[in-house]
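Step one of this worksheet: look at the structure below.
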Amino acid sequence: MKLIIAIFITLFPLIAFANSGVPANRHISVHGTAEVLVEPDMAQIIFEVKSIEDTLLEAKRELDGRISLLLEQSDKYGFGQDDVYISGLKSKVYTRVGTESGTVSGDKYLALKTVKVTLKDIKKVDEFIDFAQRLKIDNIKKINGLSSKAKQLEAEATQLAIDNAKAKGNKLAQSFGAELGNVYSISANSSSSDYDASGVKHIILSSHRNSMAARNNESPFTQQQYLGATISVKASINVVFDLKLK
């Protein structure tokens, strides 16, 4: 029993070190970050399309008919089959009750689908939304700004994060009379999002703004739907360097 305990105590520090992710010799861990801002040249519009009819079949047919009319204009607005996502059908039954008599007068069926369309030309967004509204597809859930240079921007942000990590590592090492050695480990990640900070301009989508206001009996300038005019592509990198004494 004593031998087993002794072996476990001897091996435990080695196991703990193996799981720590850092070398046993002198080292420094550095976190590098970077952000690249770019104006979007594409947009993804997310619609919620609804239909209410006396039967679920009628509601589905009416719903699919409007979606089909929307997609028939793909050539005009510059999107293809791969730029469209249509969710599965969701449905709900509403029981109608007379307000005066309180008697049940029948059921209504709601059919609902989410449609996502990516436009490769951001200048066509407003016109496309106007067209969708004429088809009574006017419930816009979200508009995402996108860039056709996404991969290039991610690579640029990653390189800047690498440079940032090296600069931080060199400065810290030199401050303590050392210099960076070989790289022991690296981990990196990147992300992108609409940039919505104070002072950054936005593109106002007037058609969506007006439809939202009309449904709420408000002035067209009371509510505004914005599409961020800048996309933020961020990258971060964690690096562990060996340290060499001067």
Side-chain angles (χ1 to χ4, degrees), residues 40-99 104-148 150-151 191-196 202-218 220 222-229 231:
D41 56 3
M42 301 168 57
Q44 182 190 64
I45 308 168
I46 304 175
F47 300 97
E48 187 177 70
V49 191
K50 299 179 181 179
S51 178
I52 299 176
E53 298 291 345
D54 291 333
T55 68
L56 181 58
L57 180 59
E58 290 174 338
K60 180 181 181 302
R61 284 176 175 172
E62 198 277 335
L63 179 77
D64 290 340
R66 281 187 285 139
I67 293 175
S68 296
L69 290 173
L70 183 75
L71 302 184
E72 283 178 3
Q73 299 298 316
S74 60
D75 291 340
K76 180 178 180 179
Y77 296 105
F79 62 89
Q81 186 175 354
D82 294 338
D83 302 315
V84 177
Y85 164 82
I86 303 175
S87 72
L89 179 69
K90 294 182 180 179
S91 62
K92 189 174 182 179
V93 181
Y94 291 94
T95 300
R96 294 181 294 175
V97 179
T99 55
V104 177
S105 57
D107 293 333
K108 283 284 187 178
Y109 292 82
L110 167 71
L112 183 149
K113 287 185 178 181
T114 298
V115 178
K116 300 179 183 180
V117 179
T118 300
L119 300 183
K120 297 178 181 178
D121 184 356
I122 199 169
K123 295 179 182 178
K124 295 183 178 181
V125 169
D126 218 20
E127 181 184 353
F128 181 66
I129 291 175
D130 281 336
F131 171 66
Q133 288 179 332
R134 291 196 295 272
L135 299 175
K136 297 182 180 180
I137 300 176
D138 53 7
N139 188 7
I140 299 175
K141 303 299 291 183
K142 190 176 182 182
I143 304 174
N144 297 318
L146 306 174
S147 175
S148 58
K151 292 184 178 180
S191 64
S192 63
S193 62
D194 289 338
Y195 188 73
D196 188 15
H202 290 78
I203 301 169
I204 299 178
L205 300 174
S206 58
S207 61
H208 180 46
R209 177 194 67 204
N210 293 340
S211 70
M212 289 286 289
R215 285 203 301 270
N216 293 284
N217 297 318
E218 298 173 352
T222 301
Q223 294 190 8
Q224 295 180 341
Q225 170 68 32
Y226 293 105
L227 171 62
I231 297 174

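Below, all heavy atoms of this structure are taken into account, side chains as well, without hydrogens, waters or symmetry copies. Small disclaimer: the values here were computed from a predicted structure and weren't measured.
- Every residue meeting the side-chain contact (heavy atoms from CB on, under 4.5 Å) condition with L71, not counting sequence neighbours, appears here in chain and number order: I67, F79, V84, I86.
- Checked against ring pair (Phe, Tyr, Trp, His ring centres under 6.0 Å), Y77 has the following partners two or more places apart in sequence or in another chain: F128, F131.
- By the side-chain hydrogen bond (donor to acceptor under 3.5 Å, both in side chains) test, S148 pairs with D41, sequence neighbours left out.
- Applying the side-chain contact (heavy atoms from CB on, under 4.5 Å) criterion to S87, with sequence neighbours excluded, gives Y85, K113, T114.
- Between K76 atom NZ and K124 atom NZ the span is 9.5 Å, to the nearest 0.5 Å.
- Interatomic distance, R66 CZ to L135 CG, rounded to the nearest 0.5 Å: 8.0 Å.
- A search for salt bridge (Lys or Arg N to Asp or Glu O under 4.0 Å) contacts involving K116 returns nothing, not counting sequence neighbours.
- The distance from the CD1 atom of I140 to the CD atom of E48 is 12.0 Å, given to the nearest 0.5 Å.
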Could you walk me through whether L119 and M42 pass the side-chain contact (heavy atoms from CB on, under 4.5 Å) test, one step at a time? CA-CA 6 Å; L119 300 183; M42 301 168 57; over 6 Å; no
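- Rounded to the nearest 0.5 angstrom, L56 CG and L89 CG are separated by 6.0 Å.
- For K50, there are no side-chain hydrogen bond (donor to acceptor under 3.5 Å, both in side chains) partners, not counting sequence neighbours.
- Here the closest heavy-atom approach between residue I122 and residue A43 is recorded as CG1-CB, 4.1 Å.
- In this view, S51 and E62 satisfy the side-chain hydrogen bond (donor to acceptor under 3.5 Å, both in side chains) rule, not counting sequence neighbours.
- With sequence neighbours left out, the side-chain hydrogen bond (donor to acceptor under 3.5 Å, both in side chains) criterion links E53 to no other residue.
- When all heavy atoms of Y109 and A59 are compared, the pair lying nearest together is O-CB, 3.7 Å.
- With values rounded to the nearest 0.5 angstrom, I137 atom CD1 is found 4.5 Å from L70 atom CG.
- In this structure, the side-chain contact (heavy atoms from CB on, under 4.5 Å) partners of L57, at least two apart in sequence or on a different chain, are T55, R61.
- Taken from OG1 in T118 to CD1 in I46, the straight-line distance is 8.5 Å, to the nearest 0.5 Å.
- Applying the salt bridge (charged side-chain N to carboxylate O under 4.0 Å, His left out) rule to pairs touching residues 81-91 yields D83-K120, sequence neighbours excluded.
- Residues meeting the side-chain contact (heavy atoms from CB on, under 4.5 Å) test with K92, sequence neighbours left out: Y94, L110.
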